[in-house]
Colleague: 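The structure that follows is given in the form of structure tokens.
Keep in mind it's a predicted model, so treat the numbers as computed, not measured. Convention: sequence-line order gives letters A, B, ...; per-chain numbering from 1.
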There are 2 protein chains.
Amino acid sequence: MARKAPLTDEALEHVARRFAVLAEPMRLRLLQALFAGEMNVNALVEETGGTQANISRHLQTLTQAHLISRRKEGLQVFYAICDPSILKLCELVCGSLEKQFTKQAGAFAR
Amino acid sequence: MARKAPLTDEALEHVARRFAVLAEPMRLRLLQALFAGEMNVNALVEETGGTQANISRHLQTLTQAHLISRRKEGLQVFYAICDPSILKLCELVCGSLEKQFTKQAGAFAR
DNA sequence: AATTAATATGAGCATATACTCATATAGTTG
DNA sequence: CAACTATATGAGTATATGCTCATATTAATT
């Protein structure tokens, strides 16, 4: 966030939208699968255990947010992570949550 | 995100929840105000231009997520950021969006 | 051209949550 | 204790979005 000037309302909405896109477990599962590399829809369906229709919708959401790229090859469509910040974002959150839970656990430890 | 083992479903839900808490412009505005330091509810109401009831609810959400701390002093309640990762998260997203928009703008430039 | 395979999408339902208004609670002061 | 101030919360409404089922689209194959 700005160290100097505050963000405009429009900028805040964009930031919020970015966080909202990441706020679905199924989409995180898709991203997690894609961290290993490019995959097509069917592979993602199998990997995540979701339905084809639902996965397709989530992939659309991620694509429109420019978090993943779409490459068509014959009948298949391959998706891949195209925003390098995603991994860092997830790692930051995981680290923060881990610390938080550890601290809470410590309140009981003796 | 895990470089080795994938996150469990429960962990993914926690991560998604953390992102969801950050996915509201008004909450981001509150956090932005709090980056400058501890503030009470009334000050935050004035700073953000929201209603008292709404701000109070958002502060509750942020508190329950352990992103901000709550300190009561007489009639007033002071809130402060207590999770250092928030600033980095917001900066990462802003940087990513900025790069994205710059790139899109470049498609038109000549 | 007809069939098959991979992916996308329209429609409808269910749920979550942001917002408002009114009121409750907690603490202070006369 | 009564009046006041700061904050929280119950109830209700509106909107957004995730999910599913069925079907559409696109591309390959025979």
Colleague: Please give, in whole Å, the distance from C/dA8 C1' to A/Arg70 CZ?
Modeller: 8 Å

Colleague: If we ignore hydrogens and angles and just use 3.5 Å, is the side chain of B/Thr63 paired with the main-chain N or O of B/Leu59 as donor and acceptor?
Modeller: yes

Colleague: Is B/Val45 reachable from B/Leu75 through a run of hydrophobic residues whose side-chain heavy atoms are each under 4.5 Å from the next?
Modeller: no

Colleague: On a plain distance test, is the side chain of B/Arg57 in donor-acceptor contact with the base of C/dT20 below 3.5 Å?
Modeller: yes

Colleague: Is the phosphate of C/dA18, meaning OP1 or OP2, less than 4.0 Å from a side-chain N or O of B/Asn54?
Modeller: no

Colleague: Can you list, in residue-number order, the parts of residues 18-26 of chain B that come under 4.0 Å of DNA chain D, counting heavy atoms only?
Modeller: none

Colleague: Tell me: NZ of B/Lys72 to P of C/dA26, nearest whole Å?
Modeller: 7 Å

Colleague: Using modelled atom types and a 3.5 Å cut-off, is there a donor and acceptor pairing between side-chain atoms of A/Thr102 and backbone atoms of A/Glu98?
Modeller: yes

Colleague: A/Gln64 CD to C/dA8 P: how many Å, rounded?
Modeller: 12 Å

Colleague: Heavy atoms only, 4.0 Å cut-off, all strands: where does A/Phe78 land among base, sugar-phosphate and nothing?
Modeller: nothing

Colleague: Report the residue (B/Thr61 or B/Ala53) whose heavy-atom-nearest nucleotide on DNA chain C is the more 5′ of the two.
Modeller: B/Thr61

Colleague: For a 4.5 angstrom cut-off between non-hydrogen side-chain atoms, does B/Arg70 reach B/Val77?
Modeller: yes

Colleague: Does B/Leu30 reach the side chain of B/Tyr79, with side-chain heavy atoms less than 4.5 Å apart?
Modeller: no

Colleague: Are A/Val41 and A/Phe78 grouped together when hydrophobic residues (ILVMFWY) are joined by side-chain heavy atoms under 4.5 angstrom apart?
Modeller: no

Colleague: Anything under 4.0 Å to a heavy atom of chain A counts; send over the first and last such nucleotide of DNA chain D, read 5' to 3'.
Modeller: D/dT17 to D/dA28

Colleague: Measure CG/A/Leu59 against P/C/dA6 and give the value in whole Å, please.
Modeller: 16 Å

Colleague: Do the side chains of A/Phe101 and B/Leu12 join up, straight or via other hydrophobic residues, at under 4.5 Å, putting them in one cluster?
Modeller: yes

Colleague: Would you check if there is a donor-acceptor pair between the side chains of A/Arg18 and B/Gln100 at a distance under 3.5 Å?
Modeller: yes

Colleague: So what does B/Arg17 touch, heavy atoms closer than 4.0 Å: a base, only the sugar-phosphate, or nothing?
Modeller: sugar-phosphate

Colleague: Report yes if some heavy atom in the side chain of B/Asp83 is under 4.5 Å from a heavy atom in the side chain of B/His66; otherwise report no.
Modeller: no

Colleague: Which is more 5' along DNA chain D, the nucleotide nearest B/Asn42 or the one nearest A/Gln52? Just name the residue.
Modeller: B/Asn42

Colleague: Classify A/Thr51 by what it touches in the nucleic acid, base, sugar-phosphate, or nothing, heavy-atom distance under 4.0 Å.
Modeller: sugar-phosphate

